[in-house]
K.L.:
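Starting off with a structure, shown below.
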Amino acid sequence: MSIAKTYTPADVEAKWYQRWQEQGFFKAKANPRKQPYSVVIPPPNVTGVLHMGHMLNNTIQDVLVRRARMQGKEACWVPGTDHASIATEAKVVALLKEKGIDKKDLTREEFLKHAWEWKEKYGGIILEQLKKLGASCDWDRTRFTMEPELTEAVLRVFVDLHQKGLIYRGIRMVNWDPQGGTAVSDEEVIAKDTMAKMYHLRYEVVGQAGQFLTVATSRPETIMADVAVALNPNDPRYTHLHGAKVRIPLLGREIPVILDEYVSIDFGTGALKVTPAHDLNDYELGLKHNLPVIDILNNDGSLNEKAELYVGQDRFAARRNIVKDLEAAGLLDKVEEYASVLQTSERTGAVIEPRLSLQWFLKMEHLAKPALEVVENDEIKLHPPKFKNMYRAWMENVHDWCISRQLWWGQRIPAYYLPDGSFVVALNEEEALKLAREKSGNANLQATDLRQDEDVLDTWFSSWLWPISVFDGFKDPDNADVNYFYPTNDLVTAPEILFFWVARMIMAGLEFRKQVPFRNVYLTGIVRDAQGRKMSKSLGNSPDPLDLIATYGADGVRTGMLFSSPAGNDLLYDVKLVEQGRNFTNKLWNAFRLTQGWEVDATLPFVNAKAVEWFSAKLHVAQLELDEHFEKFRMSDALMTVYKLVWDDFCSFYLEMVKPAYQAPIDPETLRHTTSFLETLLKLMHPFMPFITEEIWHELAERGPKDYVCVAAWPKPAPVTGGADLLARMDKALEIVAGVRNIRNQKGLGPNKPLTLATKTDDAALLHDYDGVIRKLAALTEISVVEAAPAASVSFVTGGSEFFVPLEGQIDLVAEKARLEKELEYAIGFRDSVLKKLSNEKFVQNAKPDVLERERQKLADAEAKIATLQQSLNNL
RNA sequence: GGGAGAUUAGCUCAGCUGGUUCAGAGCAUCUGCCUUACAAGCAGAGGGUCACUGGUUCGAACCCAGUAUCUCCCA
């Protein structure tokens, strides 16, 4: 036999991927005669490389897309990347630093030149990696969120929303990332539980030397920004200080004591220092009491000259130093540990600094309301639906979106400032100038008089337009593509970005196209290691996806990932999973090898009708089940259905039933059916295992130039007459087979030792019809119907029939008796429980007729079994 | 602190409208087999008080209440 004994994916994967591309199978265009099916990829970070999360996510998308393509839909999977402003800028800055270049020494244009160079060099890597996985994207449609067309879309949207009054500029407390040197949105802040220290500081009461008010704070370095100390008016401990002034420790500046019920009496000392520039709550308090704002921090988190002390020091260094100095001055009362929450930046990990700054915001209320509604009314379905609760909670408490970032890598905010400080918002400089002239009434205003905002937009402000912008829906809102492919069908993404991205795409879709961007959102879990830890570079617990593909084959890896990943559940990755996937490909390969080895003898009669009928019926049931799993987005279950159909039903049973003796020929009819079954199985498996199925497809027959399983028609379930009966009868026959095999195992007989079977049966027809199947699978030479048990035989009971395997000299009467008694005992217990149910009048009155009928049948079966078992015992 | 979800075999999970497809699947485990498609395999077997305590019901893994533990989201 010339076909390799084990399947070697490396030999075929690249070949088929190339062929598919040459054939243009992945290309999609608006085609009114076909039903559209579109998916947009969650654009990976342009600087990224493929990780396990991408593997899972893109495998699922590819399964959906490939199946849709086979179903005859115009399947369009749009790939692309996003520019990931903070992450990319940080990488470029780091790279430049290695070369001895400081970002500060570069102009914006110079920096962007470096960034683009870097993007050109590394930006496509991840997409190339996806091809190795088999992703059937329409690569001609590859988009990048910062390319000119998409940038224009972003700017248009900004201008539009500004005109609608939804974008505004204001001083707000933002989350400042001192390391990234930029504001980040609420959603990019991660709260971490930590133990922090609470410092009790002594503020001297003005005019009462030696009298102190003790204030507890976790941030002693901010006292220089204090503008008041607040007390609860109802706190009896402090009534004597109402109206007093206190002196800031070390600094000596006098600040008022204010009263506000906001202060909680039992937290800390009940006295709260008020630092409006560096705490959101303090800021609110300051507004209410009309207090000044003193900002003592620089962008990088160091103290500025307004602090007067520790100027130039980093906030954490300043904290250490001021604690030392306070202690030395006797102004530190005590330090205690307490559990607190540290806000950190998702991007850089730096501790977030609440900071007042002038930023651009997008009002959310108007956008959030309809976006909530379409999820509530299932116009967009989340899978699994438990995420609906989370989605609702967020949408009902949504805050305005801080969309400006103090970076260079990204779309620059299209706001232009006039010399007088006012601004206009316009798509480009010319229009801005026009507007500025109108606004100022100064017709002589020149472009050089305008200054464009320095900041760029949040990357999500590009990504939220993705399902529209990839089809050029902003540039040309009525183009054929967008009209045909939008709304897209399914979105596959991670729950972590449900709000960042999914919710905002829904908002954008409704706002700009009055239509939802997709119908289904499939939320994958996080890929973790076997111990449940998140995969991370620092832990080194993440395998390299490309190594995995090289070792186990893309098909093996794809199925391995899917075996254990129900929607929304984390995937505990274990190499055993991809091994299982690889083994599955090998199993299929060998089934194919077997059929390839058969010689046909055209004169042979068709002897396998029972097997063929049965497998046809099995196939029908499995297809219905498979389609149902797909409709419900139960991908693991869908795969498992195919897995069992192929491995158990096709290989372990069907092929064993029809397989001729070694080197014996097969009849043409059986071969025809078998090949046809195999082709159907290849189609059903193709979305999961595209490469091996394509390889076998072409090995199985000479194929025409366009005849690929990749574009074969998805099989329609074909009902089989009397299918349910066929399945039930085969099940009975296989039970008999299992009974014989069990005896072989118990008695240590080899799988091939010829045996005979005798039976006292109530279903002689079954034995007659399935004689061939049973004899073959159980390796029996003869099955005979008898009146009485043969001497010296081992027996078993299935259904109401008793079977005997004569075994001269190998019968252990005692053990045999014990076994039968145990079975009998169980059967009696079972019968009694049914009897009890049936003798309960209320049950008989209340239970539905079919339930009652089933119970009666149960009773009859049990009675029959008991009778047979007793007979067997008597015979011993 | 507020909210949501979960708890079923050693592991990962199914289990629909309460009732024979109700205690399941895959993996793992154990036993025996290198039986000419496959040892990346074949055959067989064992394994669970459905977290706990009550309640509703003729009947509960499923419905209700409480308890415990875990996870996630928000503050």
Side-chain angles (χ1 to χ4, degrees), chain A residues 1 3-7 186-187 191 341 343 384-394 396-397 495-496 498-499 525-526 530 532 552-553 556 560 563-566 568-574 576-598 628-629 632 634 636-637 639-641 643-644 647-648 651-652 655-656 659 661-663 727-728 731 737-753 777-779 830 834 836-848 850-855 857-859 861-862:
Chain A
M1 190 175 290
I3 306 169
K5 200 168 163 182
T6 48
Y7 171 63
D186 291 348
E187 291 72 38
V341 180
Q343 309 287 343
K386 67 176 179 183
F387 286 105
K388 214 164 155 178
N389 287 330
M390 253 168 73
Y391 183 85
R392 183 187 310 116
W394 190 73
E396 283 174 350
N397 298 295
E496 298 138 77
L498 186 58
F499 310 136
I526 297 166
Y552 296 98
F563 274 131
S564 170
S565 50
N569 277 32
D570 287 356
L571 167 86
L572 297 196
Y573 172 79
D574 194 305
K576 280 175 187 159
L577 289 170
V578 290
E579 266 173 24
Q580 192 187 349
R582 187 266 319 261
N583 294 353
F584 186 34
T585 58
N586 199 48
K587 186 70 186 177
L588 175 63
W589 183 251
N590 276 289
F592 156 69
R593 265 183 82 217
L594 174 66
T595 63
Q596 278 314 93
W598 288 340
E628 194 190 337
H629 286 320
K632 294 183 177 166
R634 299 200 287 223
S636 293
D637 293 332
L639 173 60
M640 194 46 69
T641 296
Y643 182 82
K644 286 196 276 198
W647 200 305
D648 299 343
C651 293
S652 295
L655 287 179
E656 292 298 331
K659 157 168 123 178
Y662 180 56
Q663 287 188 332
L727 293 177
D731 277 350
V737 171
V740 177
R741 285 174 169 178
N742 194 0
I743 287 172
R744 282 185 186 278
N745 259 293
Q746 280 175 8
K747 297 291 168 193
L749 312 169
N752 288 327
K753 180 184 167 68
L777 295 194
F830 183 76
V834 179
K836 197 174 149 200
K837 219 185 261 190
L838 281 170
S839 55
N840 180 337
E841 263 178 52
K842 288 193 174 169
F843 171 72
V844 179
Q845 278 166 16
N846 293 321
K848 280 175 277 182
D850 58 316
V851 172
L852 206 56
E853 184 46 44
R854 265 185 251 141
E855 291 297 318
Q857 187 58 49
K858 249 161 85 174
L859 183 64
D861 290 350

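So you know, we letter chains A, B, ... as the sequences are listed, proteins then strands, and number each from 1.
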K.L.:
Counting the atoms with a prime plus P, OP1 and OP2 as sugar-phosphate, which does A:R582 contact under 4.0 Å by heavy atoms, base, sugar-phosphate, or nothing?
P.N.:
base
K.L.:
Can you find a pair of side-chain heavy atoms, one from A:F592 and one from A:I3, that are under 4.5 Å apart?
P.N.:
yes
K.L.:
For A:M390 and B:C73, give me the distance from atom CE to atom P, rounded to whole Å.
P.N.:
7 Å
K.L.:
Report yes if some heavy atom in the side chain of A:D637 is under 4.5 Å from a heavy atom in the side chain of A:E628; otherwise report no.
P.N.:
no
K.L.:
Rounding to a whole Å, what distance do you find between A:F499:CZ and B:A4:P?
P.N.:
15 Å
K.L.:
Supply the atom-to-atom distance A:N590 CG to A:T595 OG1, rounded to the nearest 0.5 angstrom.
P.N.:
10.5 Å
K.L.:
Check this for me: does any side-chain nitrogen of one of A:E579 and A:R582 sit under 4.0 Å from a carboxylate oxygen of the other?
P.N.:
no
K.L.:
Mind checking the P distance from B:A43 to B:C34? Whole angstroms is fine.
P.N.:
15 Å
K.L.:
Kindly indicate whether the side chain of A:Q580, heavy atoms from C-beta on, has any atom under 4.5 Å from the side chain of A:K576.
P.N.:
no
K.L.:
Strictly by Watson-Crick or wobble contacts shorter than 3.5 Å, is anything paired with B:U71, and which nucleotide is it?
P.N.:
B:A4
K.L.:
Given atom CZ of A:F387 and atom P of B:C74, what is their separation to the nearest angstrom?
P.N.:
12 Å
K.L.:
Classify the side chain of A:E656 versus the base of B:A43 as yes if they form a donor-acceptor pair under 3.5 Å and no if they do not.
P.N.:
no
K.L.:
Name the pairing partner of B:U53, where a pair is Watson-Crick or G-U wobble with both distances under 3.5 Å, or state none.
P.N.:
B:A65
K.L.:
For nucleotides B:G48 and B:G59, find the distance between their P atoms and express it as a whole number of Å.
P.N.:
27 Å
K.L.:
Can you measure from OH (A:Y552) to CG (A:N583) and round to the nearest 0.5 angstrom?
P.N.:
9.5 Å
K.L.:
Would you tabulate the nitrogen or oxygen pairs shorter than 3.5 Å linking the protein to nucleotides 13-18 of chain B?
P.N.:
{"from": "B:C13", "atom 1": "OP1", "to": "A:N569", "atom 2": "ND2", "distance (Å)": "3.4"}

K.L.:
Looking only at atom C1', what distance separates B:C30 and B:U49, rounded to whole Å?
P.N.:
25 Å
K.L.:
So which atom in A:K587 and which in A:C651 form the shortest heavy-atom distance, rounded to 0.1 Å?
P.N.:
CE-CB, 3.6 Å
K.L.:
Which pair of non-hydrogen atoms, one from A:A591 and one from A:L655, has the smallest distance, and what is that distance?
P.N.:
CB-CD1, 3.8 Å
K.L.:
Roughly how far apart, to the nearest Å, are B:C62 and B:C22 at atom C1'?
P.N.:
11 Å
K.L.:
Which is true for A:N742 with a 4.0 Å heavy-atom rule: it touches a base, it touches only sugar-phosphate, or it touches nothing?
P.N.:
sugar-phosphate
K.L.:
Nearest whole angstrom, please: distance from the C1' of B:C38 to the CG of A:L588.
P.N.:
11 Å
K.L.:
What does B:G47 pair with, Watson-Crick or G-U, if both distances are under 3.5 Å?
P.N.:
none
K.L.:
Between B:A45 and B:A51, how many Å separate the two C1' atoms, rounded to a whole number?
P.N.:
29 Å
K.L.:
Check if the side chain of A:K587 and the base of B:C38 share a donor-acceptor pair of N or O atoms closer than 3.5 Å.
P.N.:
yes
K.L.:
Please tell me which of A:K659 and A:F584 maps to the more 5' nucleotide of RNA chain B, matching each residue to the nucleotide holding its nearest heavy atom.
P.N.:
A:K659
K.L.:
Taking atom P in both B:U7 and B:C50, compute the distance separating them and give it to the nearest angstrom.
P.N.:
14 Å
K.L.:
Applying the Watson-Crick and G-U wobble criteria at under 3.5 Å, what pairs with B:C42? Answer none if nothing qualifies.
P.N.:
B:G32
K.L.:
On a whole-Å scale, what distance lies between the P atoms belonging to B:A75 and B:C70?
P.N.:
23 Å
K.L.:
What nucleotide, of B:A43, B:A40, B:A37, holds the atom closest to the side chain of A:L594?
P.N.:
B:A37
K.L.:
Mapping A:V737 and A:Y7 onto RNA chain B by nearest heavy atom, which one lands closer to the 5' end?
P.N.:
A:Y7
K.L.:
Can you measure A:N583 atom CG to B:A40 atom C1' for me and round it to whole angstrom units?
P.N.:
4 Å
K.L.:
When the C1' atoms of B:U17 and B:A61 are compared, how many Å lie between them, rounded to an integer?
P.N.:
16 Å
K.L.:
Would you call the rings of A:F584 and A:W647 parallel, tilted or perpendicular if under 30° counts as parallel and over 60° as perpendicular?
P.N.:
parallel
K.L.:
Tell me what A:S636 touches on the nucleic acid: a base, only sugar-phosphate, or nothing, going by heavy atoms under 4.0 Å.
P.N.:
nothing
K.L.:
Look at A:R741 and B:G44 and indicate whether a side-chain polar atom (N or O) is within less than 4.0 Å of OP1 or OP2.
P.N.:
yes
K.L.:
Tell me what A:W647 touches on the nucleic acid: a base, only sugar-phosphate, or nothing, going by heavy atoms under 4.0 Å.
P.N.:
sugar-phosphate
K.L.:
Closest approach of A:Y573 and A:V578, non-hydrogen atoms and distance?
P.N.:
OH-CG2, 3.6 Å
K.L.:
Tell me which nucleotide, if any, is Watson-Crick or G-U wobble paired with B:C11 when both distances must be under 3.5 Å.
P.N.:
B:G26
K.L.:
Distance check needed: B:C72 P versus A:I526 CD1, whole Å only.
P.N.:
8 Å
K.L.:
Please state how far atom NZ in A:K5 lies from atom P in B:C34, giving the value in whole angstrom units.
P.N.:
14 Å
K.L.:
Return a single string for nucleotides 24-30 of chain B, one symbol per nucleotide in 5' to 3' order, where B is base contact, S is sugar-phosphate-only contact and - is none, cutoff 4.0 angstrom on heavy atoms.
P.N.:
-SSS---
K.L.:
Return the value, rounded to whole Å, for the distance between atom OH of A:Y662 and atom P of B:U35.
P.N.:
12 Å
K.L.:
Are the side chains of A:Y643 and A:F563 in contact, using a 4.5 Å heavy-atom criterion?
P.N.:
yes
K.L.:
Which nucleotide, B:A40, B:A43, B:A37, lies nearest any side-chain atom of A:N586?
P.N.:
B:A40
K.L.:
Which part of the nucleic acid, if any, lies within contact of A:A393, taking any heavy atom under 4.0 Å across all strands shown: a base, the sugar-phosphate backbone alone, or nothing?
P.N.:
nothing
K.L.:
Say you draw a straight line from CZ of A:R593 to CG of A:N586; how long is it, rounded to the nearest 0.5 Å?
P.N.:
9.0 Å
